[in-house]
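Because the structure is predicted, anything quoted here is derived from the model rather than measured.
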Amino acid sequence: MENEKYQLKINNESGRIDKVLAVAYPSFTRSQIQSWLKSGHIQVNGKNSKANYKVLPGDIITLIEPDEETIEIQAENIPLMVVYEDEALAVINKPAGMVVHPSKVQSTGTLVNGLLFHMNQLSEGSDPTRPGIVHRIDKDTSGLLVIAKTNDVHEDLAKQFLNHTTKRTYVALVHGEVEHEEGTIDVPIDRMPNNRIKRVVDREGKPAVTHFTRLEQYNGYTLLQLELETGRTHQIRVHMDYIHHPVVGDPMYGTRNDHSKYGQYLHAQTLGFVHSITKEELTFQAPLPNYFETKLEELRQFD
């Protein structure tokens, strides 16, 4: 996997390079930036830079993010909601609040830690921190994931996702009363400049298509069913924000002061794919979590 590369052209910025980069890339810490300056991962106009260099107008700063340190993953006896399992694959109903795979930020308590304890075999995949993980959903999104147990199965399932032949529908509670009963959001998504995590609608980004159907409407809220035609990072959350109906409780794309201890009200309800071994078409559904149902009941009472 290629190291992430960032470029910044200096216009009106001034001061030491570490301070300028810390402002331009808030997801990096000052200590990280200073360490990368010492290790030669940051260049100015093609040459390694010192930490005390003061930027000048027209400078081109290139930052190549170093490889992450090796993460040691431990098996943990974490309860998992297994919807389906055989010798080739498994389908898991992930609760909101659970991270899918370990990282430097969080190396324990993830779905992968639980899988290593409960599954007798997992595929290697392309990343040692993600055994068995074919696709992901966000930490604060609940719902269905398919897990591969062998490399051949992993490769086959990954192709199905790449070719958009899987079926994935979500249920989301969004702010505002959506005017149309159904529709399609077809706008590309890219990484936000200067932020490694957040995504934005950008005409230079990757194609992203989300279909929606209105299920219920309340005073100031709408319940939607959403079907993904593509699978970009944060796709539903970005698309809902783009049409001015952000997902309720979304800490990144939601409305100001819109906080929920359950995270965003977004649930991966349906997952369909062709079994890699038997070639049977499989479809699974996961009911809404209890807190989600409780929220809907409250809204119905005040409607």
Heavy-atom distance under 4.5 Å between the side chains of [X] and [Y], does that happen here?
X	Y	result
Leu21	Leu8	yes
Leu116	Pro131	yes
Glu177	Glu179	no
Ile133	Leu115	yes
Ile61	Ile10	yes
Ser142	Tyr291	yes
Leu299	Leu173	yes
Leu80	Phe117	no

With rounding to the nearest 0.5 angstrom, report the [atom1] to [atom2] distance, [X] to [Y].
X	Y	atom1	atom2	value
Glu281	Lys167	CD	NZ	11.5 Å
Thr233	Lys198	OG1	NZ	14.5 Å
Ile17	Gln34	CD1	CD	11.5 Å
Gln121	Thr150	CD	OG1	6.5 Å
Asp250	Asp241	CG	CG	8.0 Å
Lys139	Thr141	NZ	OG1	11.5 Å

Residues Leu288, Leu296; criterion side-chain contact (heavy atoms from CB on, under 4.5 Å); working and verdict:
CA-CA 10 Å; Leu288 290 176; Leu296 296 182; 3.8 Å; yes

Do His234 and Tyr253 make the cut of ring centroids closer than 6.0 angstrom?
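Yes; Tyr253 has its ring centre under 6.0 Å from that of His234.
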
Between Tyr25 and Tyr6, does the ring centroid distance fall short of 6.0 Å?
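Under 6.0 Å, so yes.
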
Which residue in the set Lys47, Gln7, Lys5 passes side-chain hydrogen bond (donor to acceptor under 3.5 Å, both in side chains) when paired with Thr62?
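Testing each of Lys47, Gln7, Lys5 against Thr62, the sole residue satisfying side-chain hydrogen bond (donor to acceptor under 3.5 Å, both in side chains) is Gln7.
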
Assess whether side-chain contact (heavy atoms from CB on, under 4.5 Å) is satisfied between Gln225 and Phe212, documenting all intermediate values.
CA-CA 6 Å; Gln225 177 178 288; Phe212 69 85; over 6 Å; no

Search all heavy atoms of [X] against all heavy atoms of [Y] and return the closest pair with its distance.
X	Y	result
Asn45	Gly58	OD1-O, 4.2 Å
Ala286	His267	O-NE2, 2.9 Å
Ala172	Val247	CB-CG2, 4.5 Å
Ala90	Met119	CB-CE, 3.8 Å

Polar side-chain atom of [X] near backbone of [Y] as donor-acceptor pair, under 3.5 Å:
X	Y	result
Glu13	Asn11	yes
His154	Leu122	no
Thr278	Glu280	yes
Ser107	Ser103	no
Ser276	Asp156	no
Ser39	Trp36	yes
Thr169	Leu226	no
Asp140	Gln264	no
Thr222	Gly176	yes
Lys94	Arg136	no

Before giving the answer on side-chain contact (heavy atoms from CB on, under 4.5 Å), spell out for Leu266 and Ile236 the whole-Å C-alpha distance, their side-chain angles and the decisive distance to 0.1 Å.
CA-CA 9 Å; Leu266 179 61; Ile236 288 174; 3.9 Å; yes

Check this for me: [X], atom [atom1], are more than 12 non-hydrogen atoms of other residues, nucleotides or ligands nearer than 6.0 Å?
X	atom1	result
Asn77	CG	yes
Lys279	NZ	yes
Glu297	CD	yes

Should [X] and [Y] be regarded as members of a common hydrophobic cluster, given that ILVMFWY residues are connected when their side-chain heavy atoms come within less than 4.5 Å of each other, either directly or indirectly?
X	Y	value
Met252	Met192	no
Met240	Ile197	yes
Val238	Leu228	yes
Leu215	Val248	yes

salt_bridge(Arg300, Glu216) N-O dist < 4.0 Å
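Counted as a salt bridge, because a side-chain N and a carboxylate O are separated by less than 4.0 Å.
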
Would you please name every residue forming a salt bridge (Lys or Arg N to Asp or Glu O under 4.0 Å) with [X], sequence neighbours left out?
X	value
Asp138	Arg237
Arg168	none
Lys149	Glu85

Strictly by modelled atom types, are [X] and [Y] linked by a side-chain donor-acceptor pair under 3.5 Å?
X	Y	value
Glu76	Gln74	no
Thr270	Gln285	yes
His101	Thr110	no
His211	Glu229	yes
Glu155	Asn151	no

Using the ring-ring contact (aromatic ring centres under 6.0 Å, His included) rule, take Phe292 and Tyr262 through it: C-alpha gap first, then chi angles, then the decisive distance, then the call.
CA-CA 9 Å; Phe292 204 139; Tyr262 303 110; 9.8 Å; no

Donor-acceptor pairs under 3.5 Å, side chain of residues 203-210 to any protein atom, not counting sequence neighbours: which ones?
from	atom 1	to	atom 2	distance (Å)
Thr210	OG1	Gln235	NE2	2.8
Thr210	OG1	His239	ND1	2.8

Hey, mind stepping through Tyr170 and Ile137 against side-chain contact (heavy atoms from CB on, under 4.5 Å) and telling me if it holds?
CA-CA 11 Å; Tyr170 290 69; Ile137 57 178; 3.5 Å; yes

Please give the remaining members of the hydrophobic cluster of Phe161, linking ILVMFWY side chains under 4.5 Å, ordered by chain and number.
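Besides Phe161, the hydrophobic cluster comprises Val83, Tyr84, Leu89, Val91, Val134, Leu144, Val146, Val153, Leu157, Leu271, Phe273, Ile277, Leu282, Phe284, listed by chain and residue number.
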
Report, one line per pair, each donor and acceptor closer than 3.5 Å where one atom sits in a side chain of residues 48-57; sequence neighbours left out.
from	atom 1	to	atom 2	distance (Å)
Asn48	OD1	Gln43	NE2	3.3
Tyr53	OH	Asp59	OD2	2.7

